[in-house]
Amino acid sequence: MVTLMSKSLPKNKPLLLGITGGIGSGKSSVAEIFKVHDVPVFNSDTAAKGLMNSDTDVQKGIISLFGSKAFEDGTLNRRFLAEKIFGDSSLRKKLNGLVHPAVSDSFIKWVAQHQEQHLLVREAAIMIETGSYTDLDAIILVVAPEDLRIKRIMARDKISRQDAHARIAAQWTDAAREPFVDFVVVNDGIKAMIPQVLGIISKFTKEN
């Protein structure tokens with residue numbers, strides 16, 4: 001694991017902190033704690049959804065990959081797309097290649113709009129895999145037991161256990177991500193999560 005103290009954090013711009021983790025780990029719950037403490041959060045998934053529903057170039061690329069069924073009445077057919085990409089790693093990479101550069105551009109603009117802030121957070125499921133983590137000052141990995149993640153995904157997306165497991169299997173494991181991160185937050189429903197996140201916020205406060 002990377003140690004935050006080994007990094008030379010910038011003093012004259014917002015510190016950029018990333019939150020990542022596998023599907024169902026609870027990244028958004030961690031992000032909400034930052035929001036409650038007045039830290040702005042950029043949600044990459046929300047930005048991606050917006051771009052896929054509004055950016056003409058992104059939409060054309062999606063249709064060329066998946067056909068007209070990718071959109072229903074001008075709106076992204078998320079269930080159809082999920083079924084396609086979680087079953088085909090090649091299609092998943094091509095979709096990421098379309099969407100992630102556009103999301104990164106949006107994030108850059110968002111940071112420019114928040115230059116007065118001390119700390120900014122970017123939440124993204126795929127951050128280490130794309131290399132975008134290198135643009136940030138520190139990374140939080142959110143982890144949870146696989147069975148708990150499967151239950152969360154099933155409840156949220158109304159899908160079968162088999163499909164939930166397939167979505168987890170399509171992503172990097174926590175062990176593969178850990179060498180690239182600075183902090184690990186355990187979100188297993190047993191260990192108190194809020195004190196873990198407050199400890200991270202406190203550390204950034206002490207750094208400056």
Side-chain angles (χ1 to χ4, degrees), residues 14-53 76 78-79 81-82 85-86 92 95-96 99-100 102-104 106-107 110-111 114 117 119-130 132-133 135-159 163-174 176-178 180-204:
L15 298 174
L16 305 180
L17 178 61
I19 298 175
T20 193
I23 183 171
S25 60
K27 297 179 294 297
S28 294
S29 297
V30 173
E32 284 300 320
I33 299 172
F34 279 92
K35 290 180 184 178
V36 167
H37 288 81
D38 299 320
V39 179
V41 175
F42 179 91
N43 186 301
S44 297
D45 185 47
T46 300
K49 292 173 188 174
L51 287 164
M52 287 189 283
N53 280 304
L76 187 71
R78 295 187 63 204
R79 181 176 289 275
L81 212 62
I85 64 173
F86 284 110
R92 187 165 63 249
L95 178 62
N96 289 340
V99 178
H100 286 294
V103 173
S104 292
S106 294
F107 176 65
W110 181 81
V111 171
H114 292 82
Q117 297 290 330
L119 178 63
L120 298 175
V121 169
R122 179 176 183 178
E123 176 190 344
I126 303 176
M127 178 181 292
I128 296 167
E129 298 90 325
T130 63
S132 61
Y133 76 98
D135 297 325
L136 307 177
D137 298 305
I139 308 296
I140 296 172
L141 174 64
V142 185
V143 301
E146 183 173 304
D147 191 58
L148 178 56
R149 291 170 61 192
I150 288 174
K151 290 178 181 177
R152 289 171 179 167
I153 299 165
M154 290 173 62
R156 184 191 68 191
D157 297 341
K158 310 301 181 186
I159 60 176
D163 287 342
H165 185 271
R167 294 187 182 188
I168 289 175
Q171 297 182 334
W172 279 25
T173 64
D174 291 334
R177 294 186 183 101
E178 281 193 8
F180 302 92
V181 309
D182 302 275
F183 306 99
V184 175
V185 170
V186 178
N187 183 21
D188 60 1
I190 300 172
K191 185 175 182 178
M193 187 173 64
I194 292 177
Q196 296 178 68
V197 179
L198 292 183
I200 296 171
I201 294 175
S202 175
K203 182 165 183 60
F204 273 95

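Because only heavy atoms are used, hydrogens play no part in the values below, and waters and symmetry mates are left out as well, while side chains stay in.
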Listing, residues 32-40 side-chain donor-acceptor contacts under 3.5 Å, not counting sequence neighbours, or none:
| unit_1 | atom_1 | unit_2 | atom_2 | d |
| --- | --- | --- | --- | --- |
| E32 | OE2 | K35 | NZ | 3.2 |
| H37 | ND1 | I33 | O | 3.0 |

Side-chain heavy atoms of I200 within contact of Q196, under 4.5 Å: no
Side chain to side chain donor-acceptor pair (under 3.5 Å) involving D135 - partner list, sequence neighbours excluded: none
A31: side-chain contact (heavy atoms from CB on, under 4.5 Å) partners, not counting sequence neighbours: I19, V41, E123
pair I153-I168: side-chain heavy atoms closer than 4.5 Å: yes
Non-neighbouring partners of D45 that pass salt bridge (Lys or Arg N to Asp or Glu O under 4.0 Å), sequence neighbours left out: K49
Distance-minimising heavy-atom pair for N187 and A144: O-CB, 3.3 Å
Set of side-chain contact (heavy atoms from CB on, under 4.5 Å) partners for S29, sequence neighbours left out: M193
Validation row: R92, Q171 side chains within 4.5 angstrom (heavy atoms): no
Interatomic spacing from CD1 in I128 to CD in E178 - rounded to 0.5 Å: 9.5 Å
Inter-residue atom distance L136.CG - L15.CG, 0.5 Å rounding: 11.0 Å
I194, CD1: over 12 other non-hydrogen atoms inside 6.0 angstrom: no
Partner residues of R167 under the salt bridge (Lys or Arg N to Asp or Glu O under 4.0 Å) criterion, sequence neighbours left out: D157
Contacts of T130 that satisfy side chain to side chain donor-acceptor pair (under 3.5 Å) - sequence neighbours left out: S132
Distance in Å, D147 CG paired with D188 CG, rounded so as to fall on 0.5 Å steps: 12.5 Å
R149 side-chain N/O to G24 backbone N/O, donor-acceptor pair under 3.5 Å: no
Counterpart residues, salt bridge (Lys or Arg N to Asp or Glu O under 4.0 Å), relative to D163 (two or more places apart): none
Result of checking I140, V143, V142 against V184 for side chain to side chain contact (heavy atoms under 4.5 Å, CB included): V143
Trace of the side chain to side chain contact (heavy atoms under 4.5 Å, CB included) decision for L81 with L95: CA-CA 10 Å; L81 212 62; L95 178 62; 3.9 Å; yes
Residues in side chain to side chain donor-acceptor pair (under 3.5 Å) contact with N96, at least two apart in sequence or another chain: H100
N/O donor-acceptor pair under 3.5 Å between D182 side chain and I139 backbone: yes
V30 side chain reached by F183 side chain, heavy atoms, under 4.5 Å: no
Euclidean distance, H114 NE2 relative to L16 CG, rounded to 0.5 Å: 12.0 Å
Side-chain donor/acceptor of R122 to backbone N/O of S44, under 3.5 Å: no
Which residues share a side-chain contact (heavy atoms from CB on, under 4.5 Å) with S106, sequence neighbours left out: F42, L51
Any pair counted as side chain to side chain donor-acceptor pair (under 3.5 Å), so long as it reaches residues 14-27, sequence neighbours left out: none
Neighbour count >12 (heavy atoms, 6.0 Å) for atom CZ, R79: no
Results of side-chain contact (heavy atoms from CB on, under 4.5 Å) for A169 - residues two or more places apart only: none
